[in-house]
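I have placed the structure first, in the form of C-alpha cells, so that the comments after it can refer back to it.
Every chain is numbered from 1 and lettered A, B, ... according to where its sequence line falls, protein lines coming before strand lines.
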Amino acid sequence: MIPQTLKGFRDFLPDTMAPRQQMIRTIEDAFARHGFLPLQTPALEYLETLLGKYGAEGDKLLYRFEDNGGRSVALRYDLTVPLARLVAQHRAEIVLPFRRFHIAPVWRAEKPQRGRFREFLQCDADICGVDSPMADAEVLVTGLATLRALGVSGARLHLNHRDVLFGMLDVLGMTEKTKQIICIRAIDKLDKIGQDGVVAEIVREAEIEASQASEIVRAFAGGGGIEPIAAVAAGKGHAALDTALLRLQAVVDLVAAAGLGEQVVIDRSIARGLDYYTGIIYETRLTDPKVASIGAVMSGGRYDGLIGLFGKEQIAAVGISIGLDRLLAALQELGLLAQGLAQVPIYVMPLDASVAGPALALATELRAAGLRVELDLAGGRIGKQFERAGKRGSKIALVVGSDELAAGVVQVKDLASGEQAKVARAELIDDLRRRLA
RNA sequence: GUGGAUGUAGCUCAGCUGGUAGAGCGCGGGAUUGUGGAUCCCGAUGUCGUGGGUUCAAAACCCACCAUCCACCCCA
C-alpha cells in the first residue's frame, strides 16, 4: 500500500516537532505559573455528551461512529465541553473555584485549508466557579502572558460580550432572535467583506429593509472601543446591554492594571459561533498582514450555562484556548521559529570497532552529566563520521581512537570553526559545558 | 457541503502547436583507508496523481475519480 496520512492529518518530523515540543513546554510552564493545574480527559466521548453543544454546524463536524460494543461515540471537538462534563461528573471531588489547563488534540471533520486541520492541538486554561470581571481578566492575562512567553509580539486580543451584540440589536429595533443571529454572523465579517457586503448579506438573509440594515451596520462599523457602544445604549434603559458595558470596561481596566492593556481592544464586531458562550467573548489575531489570513490564534469566552447541562448545579466558567498549530504555522512563515532544536550538540565518533566500548562509556558519562550526546553507529571512514556529524548539525565532535585512549584524552573538534584540541578525560565535561554555553 | 486552481525524481520546478522525460537542490559512491562543510568526477531514482477515451503516437487533448492548495461556510 502507498504510505499516506488522512486528509487534514499530519506527521511531524523532528525539524517541526522539536520547536513544537518546546512551545508546548513553554505553554505548560506559563499556565502552571498562573496557578492552573494539569488535567486530561479521553479523546472519545459519548456522542450525546458532545451533540448540541456547538450548534448545528458544529454537530456536522463531529467525528462520530459506533465503537466495537455498538455505543455511539465521537472524538472530542474541543476541550471545553469535556471539561464541563468532568466538572459535573466529579463535582464532589472538585473544590471551587477550579482552575485547570489542558493541552491535547481535538478533531473536526472540516475541509482543511491554510491554518485549518482536522486534527490539531488546543491549549486551554479555564476557571470554573466564579462569575466576575477578575476571573475574566485572569484568563486573558494568562493567555496574553503565555503568548509573550512564546515570543509572539504582534498579537491583539479583540474583546466583546454576547449581550453587547444582542443588546445593541434590540436597541436598534432588531429584536427577532433568528434575524439577530443572521446579523451577528454578517457583522463578524465586517473587516473581510466591508460595510456594503455586510449590508447586502443582512438584506438578503434576514429579509429586511436596506435602510434598517445600513443603520445596524453603521452602529457596528468604525473604530473599536467602548464609546460607540455607549452611544447606542445611552438613554435606552436596556439592562443587559448596560451591564455588559460595565463588565467589559471592568475587564479592560483590570487587564490594563496588569500592564497588558496595549494588547486588548474592545471590538463590538467580534462574534463567536459556538452556542455555549454567554458573556465576554474574544479572539486574538496576529497583526502581521502576512499571516492575517491564518485566523484567530487564541480565543474563548464565558460559558455559564454549559456545566449545568451535565448536572443540577449551575457553575459559571470562563476559558481561553490557544491554537498551537496555527501559531506554529504563523511563526514558521514569519521565520520566528527557534532554529537548531532538532540537533544533538555532541557527536561521539568511535574510530573503529576496538574502541566501541570506551566510546559508549564516554557517551554514557556525558549523558549522565546532562549533556545531549549522539553516538556514531554507522562507522566507516573517519571522514564519513565527520560528514554525518556535520549533517546532523552537531556543534562538537569527540574523536575516540586507540591513540587517544592510550593517552587518556579525547579529541574535541568544534565543527563550526574546525578548530580541534586534545582534552584530558578528567576535564572533558567542564570543557564541553564551556564550549556549549 | 459549495466554487476555483494545481498534480512530472525525496524537494522546487522545466517540458513550445501531441513524437513514450530533464534541470537545480538533495541523496549514494569516489578524488582523501585518522578529519566534515568548498570544488571536481561518477551514480541511482519516475507505472509523468489514478482509470478510461481520442490518436499511428498522449506527460501534453477530452471525461471521470482521487489528492493537495485557495476561497466560501464555520473556526484554533
Spacing of the [atom1] atoms in [M] and [N] (rounded, Å):
{"N": "B:A38", "M": "B:G24", "atom1": "P", "result": "16 Å"}
{"N": "B:A64", "M": "B:C42", "atom1": "C1'", "result": "45 Å"}
{"N": "B:C16", "M": "B:C73", "atom1": "P", "result": "39 Å"}

* Asked: Can you check whether A:L324's main-chain N or O pairs, donor with acceptor, with A:R20's side chain at less than 3.5 Å?
  -> no
Using a 3.5 Å distance criterion without hydrogens, assess whether the side chain of A:R85 forms a donor-acceptor pair with backbone atoms of A:F310. no
Identify whether any heavy atom of [X] sits under 4.0 Å from a base atom; if not, whether one sits that close to sugar-phosphate; answer base, sugar-phosphate or nothing.
{"X": "A:D403", "value": "base"}
{"X": "A:L415", "value": "base"}
{"X": "A:G58", "value": "nothing"}
{"X": "A:V399", "value": "base"}
{"X": "A:Q385", "value": "nothing"}
{"X": "A:A389", "value": "nothing"}

Re B:C65: Watson-Crick or G-U wobble partner, both distances kept under 3.5 Å, found to be B:G49
*asked:* Between the base of B:C69 and the side chain of A:R116, is there a donor and acceptor pair under 3.5 angstrom?
replied: no
Measuring from the side chain of [X] (C-beta onward, heavy atoms only), which nucleotide among [options] has the closest atom?
{"X": "A:E404", "options": "B:G36, B:G34, B:A76", "value": "B:G34"}
{"X": "A:R108", "options": "B:A76, B:C69, B:U35", "value": "B:A76"}
{"X": "A:K413", "options": "B:G36, B:G3, B:G34", "value": "B:G36"}
{"X": "A:K7", "options": "B:U68, B:U35, B:C75", "value": "B:U68"}
{"X": "A:R381", "options": "B:G34, B:U2, B:G30", "value": "B:G30"}
{"X": "A:E57", "options": "B:C73, B:C27, B:A76", "value": "B:C73"}

Verify the contact: side-chain N or O of [X] to OP1 or OP2 of [N], cut-off strictly under 4.0 Å; return yes or no.
{"X": "A:K384", "N": "B:U33", "value": "no"}
{"X": "A:K395", "N": "B:G36", "value": "no"}
{"X": "A:R185", "N": "B:C73", "value": "no"}

- Message: Salt bridge or not between A:R392 and A:D376? Use side-chain N to carboxylate O under 4.0 Å.
- Response: no
Parallel, tilted or perpendicular: ring planes of A:Y277 versus A:Y303, cut at 30 and 60 degrees:
perpendicular
Paired with A:V217, the side-chain contact (heavy atoms from CB on, under 4.5 Å) test is passed by just one of A:E201, A:Q195, A:Q212, namely A:Q195
Exercise. Check whether any side-chain heavy atom of A:T146 lies under 4.5 Å from a side-chain heavy atom of A:F101, and answer yes or no.
Key: no
Per nearest nucleotide of RNA chain B, the residue lying toward the 5' end, A:G383 or A:M298, is A:G383
